[in-house]
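The chains referred to below are lettered A, B, ... by the order of the sequence lines, with proteins before strands, and numbering in each begins at 1. For the numbers below, each heavy atom of this structure counts, side chains included, while hydrogens, waters and symmetry mates do not.
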Amino acid sequence: MNITATLIGQSIAFFVFVLFVMKYVWPPLIVALDERKKTIADGLAAAEKGKHEQELAEKAAEKHIKEAKDQAAEILAQAQKRATEIVEEAKIDAREEANGIKNAATAEIDQEVNRAKEHLRQQVASLTISGAGKILKREIDEKAHSDIVDDLIAQI
Amino acid sequence: MAGDSLTSGQYIQHHLQNMVFGKLPEDVVGEELCNGVIVEQAGWQLASCAAEAKAMGFWSYHVDSLGWSVGLALIFFFAFRHVAKNVTTGVPGGFQNFVEMIIDFVNDSVRGSFSGKNDIVAPLALTIFAWVFLMNFMDLIPVDWLPMLAQQIGAAFGADPHHVYFKVVPSTDPNVTFGMALGVFWLMLYYSIKIKGFGGFFGELAFQPFGKLGMPANLVLEGVSLISKPVSLALRLFGNMYAGETIFILIALMYGGSLLIGTFGGLLQLGWAIFHILIITLQAFIFMTLTIVYLDMAHTDH
């Protein structure tokens, strides 16, 4: 318990160890700690940035989807309109064609009727003539009276 | 117990005596020493009892205190140096984690209490914290183990085991605590004068708190407050550890009693050791924090 030169020895050891720690122990450790702190801070910042970017990307994707939907709807509307148009056109065409066919048929019928009439007329005429001829054969020269017969035919 | 022939008082005294290496004075030549050896010439040797240690005077060394304190400091230094060399900024391993925890703790303490800029303060604080903690930690080793080992070794070298003294807790030696406190004190004085100049430092001592006219009173007051810093630093640590050590020794005395008393002593030792874990850490922390605060005061004008 006496105060001895131990005190001086301890003081010297104290300074030596403080110097050693200051030189060889503290700096590398504190540098490493600071570096790790920086790495962690950077990592957190990067994560934050990534999150932000993801949000942006999500927003962009949402926008794209919305645009695509709008476009699709527009295309659909156009297609429906076009379909209606086509149907209308088809209806008009069909009607026109039907009319054409009807007209052609009517014309043909008329023609047939005329032809039949003509035929009938000729047959009647020839029948008439042949009848008249049979009657007249005995009395009239066919050639001499043909103008009268023709006149009759025209009147039928 | 150190020896069956010892009384309780002798046992305690034996435990509180350092192993002292010093030079015996000339006037003991021809006399018989405590261990029965007749002194033929005054030379450097280990003291064999307290009276001889006292006769050796100031220029003697407590081999055990110095040995343990330097040894523990070396353990601390090489353990931390090992980590510092292999330090990784990636995921730290087990021991590096532990070291980083201490470094962070010390660094936070320094940042919290020290406002100036000085690269020595943080390593100083770390050294003090770790070193004082390790020195205090020796208190938790049962009081008889290492002294008995030392006695066996001493006996192997031909010494009388009863006159081999061995104190294993360096911080129960006032020389050690004062040695460190004075180290801090020199740093305080050095930085006070370096930062504020000699005049500034003297002014701080002489012109407060009563102004220039009250200079003598100021000098006395501020002088006492200045001197009290290292003294309180050293005595606080010494007192706590010495008291703790003494209680361990007293508890150890109970092992010499009956089985019941011995068992009770075992429980007491366990309880006191658990409580002491708190004390040794707290004392290391207080020594470190006060050092930081004192150095902060040395760096700032007030």
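- Taking B:Trp131, B:Tyr61, B:Phe76 one by one and counting their heavy-atom pairs under 4.5 Å with chain A, the maximum is reached by B:Trp131.
- For A:Ile8, the part lying under 4.5 angstrom from a heavy atom of chain B is the side chain only.
- When heavy atoms are compared at a cutoff of 4.5 Å, B:Val87 approaches chain A solely by way of its side chain, counted from C-beta outward.
- Side chains of B:Ser65 and B:Asn175: no donor on one and acceptor on the other come within 3.5 Å.
- With hydrogens and angles disregarded, a donor-acceptor distance shorter than 3.5 Å links the side chain of B:Asn118 to the backbone of B:Ile120.
- Of the residues considered (B:Ser69, B:Ala50, B:Ala122), B:Ala122 shows the highest number of contacts with chain A, using heavy-atom pairs under 4.5 Å.
- Looking at B:Val184, the atoms closer than 4.5 Å to chain A (heavy atoms on both sides) sit in the backbone and in the side chain alike.
- With a 4.5 Å cut-off on non-hydrogen atoms, B:Phe21 does not touch chain A at all.
- Ion pairing between A:Arg121 and A:Glu118 holds under the 4.0 Å rule for side-chain N and carboxylate O.
- Interatomic distance, CE of B:Met288 versus OG1 of B:Thr291, reported as 8.5 Å (0.5 Å rounding).
- Counted by atom type alone, B:Thr88 and B:Gln96 present zero donor-acceptor pairs between their side chains at under 3.5 Å.
- Most heavy-atom pairs under 4.5 Å with chain A: of the set B:Pro170, B:Gly90, B:Ala181, this distinction falls to B:Gly90.
- Classified by interplanar angle (parallel below 30°, tilted 30° to 60°, perpendicular above 60°), the ring pair B:His15/B:Tyr11 is perpendicular.
- In this structure, no portion of A:Lys23 lies under 4.5 Å from any heavy atom of chain B.
- Per-residue counts of heavy-atom pairs under 4.5 Å with chain A were compared for B:Ala73, B:Gly57, B:Gly22; the largest is that of B:Ala73.
- Heavy-atom distances place both the backbone and the side chain of A:Tyr24 under 4.5 Å from chain B.
- The existence of a salt bridge linking A:Asp42 and A:Lys38 is confirmed by a sub-4.0 Å separation between a basic side-chain nitrogen and an acidic carboxylate oxygen.
- The greatest number of non-hydrogen atom pairs below 4.5 Å with chain A, out of B:Val83, B:Val70, B:Val20, is found for B:Val70.
- Contact of B:Ala130 with chain A is not made at all, since no heavy-atom distance falls under 4.5 Å.
- A side chain to side chain contact (heavy atoms under 4.5 Å, CB included) with B:Lys167 holds for exactly one of B:Val143, B:Asp64, B:Val63; it is B:Asp64.
- Proximity to chain A involves both the backbone and the side chain of B:Leu74, based on heavy atoms less than 4.5 angstrom apart.
- The aromatic rings of B:Phe80 and B:Phe95 lie perpendicular to each other, with more than 60° between the two planes, well past the 30° mark.
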